[in-house]
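Take a look at the structure set out below.
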Amino acid sequence: MPGRPEQHEPVTLDTFLRGLWEENPVFVMLLGMCPVLAVTNSAINALAMGLASTFVLVASNSLVSLLRHYIPKQVRIATYIIIIATFVTMVDYAIQAISLDLYNALGAFIQLIVVNCMILGRAEAYASKQPLGATVVNGLGIGAGFTLALLSLGVVREVLGSGSLFGVSLFGENFQPWVVMILPPGGFFVLGTWLLIFAAFRLRKQRRTELGEVAQHER
Amino acid sequence: MIQEGTAQSPVSPALTRSMLRTLGLVATLSGLLVVLSYRITLPIIEENKRLAIERALFKVIPGAISRQDFMITDRGIELAQSDLQGTALYAGYGQDGRLKGVALEAAAAGYQDVIRILYGYDPYCQCIRGIEVLKMAETPGIGDKIAKDPVFQENFTALEARANATGDGLERAIVLVKQGEKSEAWQIDAISGATISSKAIARMLNDSAQRYVPLIQNNLAVMEPAS
Amino acid sequence: MNADSVTFIFLNAAIVNNFVLAMFLGICPFLGVSAKRDTALSMGLAVIFVMLVSSICAYGINWLLKLFEIEYLRLICYIAVIASAVQLVEMTMKKFSPALFRALGIFLPLITTNCAILGVALFQTSREYNFLQSLAFSLGAGVGFTIALMLMAGLRQHLELAKVPNVSQGAALTLMLAGLLSLAFMGFAGLGAQHG
């Protein structure tokens, strides 16, 4: 924005890695949950959705970052939404052209990338203040984090729910699939379990630092 | 200069201009991108759809190796042309060039979303020879058996769909019966536990056949190759 | 019951294929605004209202787009019109019914990016519903959303007093609850078949 000095941050490896772990959009910030739950009933769907979202995120945020000096504050949200919707429409057609089966499997959720709060949130909080390079790197990081989260759900659900991975059968004939895993409740359960695991990690880390502080005090 | 909180203060003409300019620019840009990607992908998408139809077509008309598109219009059945409005009908021909059967699309609301299928109809035995699900969002492991379950598919090897004497419908409607109770040629064995999906298939087949089977029978000559 | 009948579409969207618990639309507000029962109710009402408005808008736009054969602009038009419709509704409400505005007002901007709203518009288009069917569908979706939100809020208010392990506090517990609710809602699946 004119009249406000920009504080650019240096582009480091951390700009990328932060999105993958510390600010993981799904596991830490709980953003963009709808596609995470809806399309992760198989690993390939999850991967496609993750890549599509990443493309939209990086492309739209790059454009926002390039235009950031020209967008008046009052209409910024509208502008961002139009930009995002454009790229989503492009992805929608691209996926139709690549594979109709995939398009049918993902259904309306490709178009619903538009309202993924993760993308709008990044445009507002990061791309509108940072230069192109940092935005692209950060967007790639966040996108990779999102894809990772989708995959970690998709793999678990496909392996347990249909006994296969990326369509390749794993366990042979005798495996009785846990159908519930590919049904809606399975999505909630698997995501809940992942969040539990993450919370356990965080708690342990917290306790360690606390213990460390106490130890320092006693010394 | 634009400051924080300008939203409350009156909007200056300069600001209005800059807002209009930005929105106009962005809208133009996005319009350009969308139209561009639409134009580029359109032929590929059409080709994909054609391939998908063809793959399904040769599956539902046993023995077919080539096809010809027709259109069901108000006047009967005609060769498909781009400016013709109507329902698409595909005729499949065998190795010897003889008409093996015709395929039609049918659709009905299933459990989650609309189920669209392609079914093959053999005008000589007056029966349905096969179905292929084109699009569905049925529950995996339950409703999606309509596409994969071999026992259910068995229903459609020779499902009777005979035109009645007056030529305005089927002699006997296609009906769904409970699993294992199929005793007549015009009955479909349901998948137990997937009643809604099975019912949707039966309903769409019956609706479509009631409407089109007499028409197909009356216009067979159009599709049969001249010999 | 016929699959195209208005009652079936309503029941289907509200209960059998509950928008939140079976189709995963509107998860963000479902997790975010379900802590208290009264806020959950206000949010639900606001969503029902916006859904109806945007469903009508979407129906009109789709008709226009088809008329000019520019369906590839559908997504952009939908999102732009829904966003502005929400703002218009907000302004009208503020002027003519301040009481209603106080009750629902703060939720309205939040709703714009609720994927359930756009979801209704997209699904009614892809299923080719007519005007009445679209209305029934959007109303059903809104009611279903409210039911899910209210149930969740009730459960969470009870759980506030319960002792749970530190690890499972917050989002993880909410998701597990949602999974159980979703499992329970799957029991409604036979509803449509009974009348068929």
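A, B, ... follow the sequence lines: proteins, then strands. Residue 1 opens every chain. Source: prediction; values computed, not measured.
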* Sort Ile77(A) into side chain, backbone, both or neither according to what part of it lies under 4.5 angstrom from a heavy atom of chain C. =>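 The answer is neither part of Ile77(A).
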* Could you tell me which portion of Val39(A) (side chain, backbone, both or neither) has an atom closer than 4.5 angstrom to a non-hydrogen atom of chain C? =>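 For Val39(A), no heavy atom lies under 4.5 Å from chain C.
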* **Greatest number of heavy atom pairs closer than 4.5 Å to chain C - which of Val180(A), Val190(A), Thr89(A)** => Thr89(A)
* Options Ala38(A), Ala78(A), Gly192(A), Pro185(A), ranked by heavy-atom pairs under 4.5 Å with chain C, top entry -> Pro185(A)
* **Distance in Å, Ile82(A) CD1 paired with Ile76(C) CD1, rounded so as to fall on 0.5 Å steps** => 7.5 Å
Near [X] [atom1], under 6.0 Å, is it more than 12 heavy atoms from other residues, nucleotides or ligands?
X: Phe166(A); atom1: CZ; value: yes
X: Glu71(C); atom1: CD; value: yes
X: Glu210(A); atom1: CD; value: yes

* Identify the two heavy atoms, one from Gly119(C) and one from Leu112(A), that lie closest to each other, and give their separation to 0.1 Å. =>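 Heavy atoms of Gly119(C) and Leu112(A) come nearest at N-CD2, 3.8 Å.
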* Asked: Can you name the nearest heavy-atom pair linking Leu31(C) to Met33(A), along with the distance?
  -> CD1-CE, 3.9 Å
* Kindly state whether the ring of Phe24(C) and the ring of Phe188(A) have centres lying under 6.0 angstrom apart. => yes
* Do Ile84(A) and Ile79(C) come close enough that some side-chain heavy atom pair is under 4.5 Å? ->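 Side-chain contact under 4.5 Å: no.
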* Looking only at heavy atoms, which of residues 193-205 of chain A get nearer than 4.5 Å to chain C? -> Thr193(A), Leu195(A), Leu196(A), Ala199(A), Ala200(A), Leu203(A)
* To do: Could you please state which residues from residues 173-183 of chain C sit under 4.5 angstrom from chain A, measuring non-hydrogen atom to non-hydrogen atom, sorted by number, or 'none'?
  => Leu175(C), Met176(C), Ala178(C), Gly179(C), Leu180(C), Ser182(C), Leu183(C)
* Asked: Looking at residues at least two apart in the chain, or sitting in another chain, which of them share a side chain to side chain donor-acceptor pair (under 3.5 Å) with Thr146(C)?
  -> none
* To do: Please identify each residue that fulfils side chain to side chain donor-acceptor pair (under 3.5 Å) with Thr92(C), with sequence neighbours left out.
  =>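 Result, side chain to side chain donor-acceptor pair (under 3.5 Å) vs Thr92(C): none returned.
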* Yes or no on side chain to side chain contact (heavy atoms under 4.5 Å, CB included) for Tyr72(C) and Asp92(A), after CA distance, side-chain angles and deciding distance? -> CA-CA 10 Å; Tyr72(C) 47 84; Asp92(A) 189 59; over 6 Å; no
* chain A contact via Leu122(C) - which portion, at a heavy-atom distance below 4.5 Å -> side chain
